[in-house]
There are 2 protein chains.
Amino acid sequence: WSVETRDGIAQLERRFEFPDFAQALAFTNKVGALAEAEGHHPKLTTEWGVVVVTWWSHKIRGLHRNDFVMAAKTDAL
Amino acid sequence: WSVETRDGIAQLERRFEFPDFAQALAFTNKVGALAEAEGHHPKLTTEWGVVVVTWWSHKIRGLHRNDFVMAAKTDAL
């Protein structure tokens, strides 16, 4: 995970690689199910063989402890 | 759809809005199924209430007629 700052908003981001589009999209759905379960939603960028997951907290326009928890839960999927 | 040029690569892009995360992710999956059926894959950026669909042709590093066809098929989903 790296911290990227965009428009003054710090975001926690990691790139996950897969052998094809279908497996990338399947991971997007796994992260999506986690997001729905936890009530906190990331940006998920899905391409052929790649998913970039970006966590941040909209309300505080930056990173909250919960974003780091969600990043750890994403790694455990 | 608008044409965005990134790193010298022209890309066809449209933003689709939804009332929640689940409906956005459902649309991502519909576009993903279309992409698999057609053998041409976009970038799909999924957030709470928003999906940004980006079509371009990697091989020619730009836009091919097929990208416009895929954009029209995306609209018809």
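Just so it is clear: chains get the letters A, B, ... in the order the sequence lines come, proteins before strands, and each one is counted from 1.
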[Y] reachable from [X] in the ILVMFWY side-chain graph, under 4.5 Å edges:
X	Y	value
B/Val50	B/Leu25	no
B/Val51	A/Val51	no
B/Phe18	A/Leu44	no
B/Leu34	B/Val69	no
B/Leu12	B/Val52	no

* To do: Please state whether the side chain, the backbone, both or neither of A/Ala22 comes within less than 4.5 Å of a heavy atom of chain B.
  => both
* Under 4.5 Å between side-chain heavy atoms, chaining through other members, with only Ile, Leu, Val, Met, Phe, Trp and Tyr counted: pull out the rest of the cluster around A/Ile60, sorted by chain and number. => none
Go through chain A and chain B and list any donor-acceptor pairs closer than 3.5 Å, backbone and side chains both.
from: A/Asn29; atom 1: OD1; to: B/Asn29; atom 2: ND2; distance (Å): 2.8
from: A/Asn29; atom 1: ND2; to: B/Asn29; atom 2: OD1; distance (Å): 2.8
from: A/Leu44; atom 1: N; to: B/Thr46; atom 2: O; distance (Å): 2.8
from: A/Leu44; atom 1: O; to: B/Thr46; atom 2: N; distance (Å): 2.8
from: A/Thr46; atom 1: N; to: B/Leu44; atom 2: O; distance (Å): 2.8
from: A/Thr46; atom 1: O; to: B/Leu44; atom 2: N; distance (Å): 2.9

* Asked: Do you know the tightest heavy-atom contact between B/Pro42 and A/Phe21?
  -> O-CE1, 4.2 Å
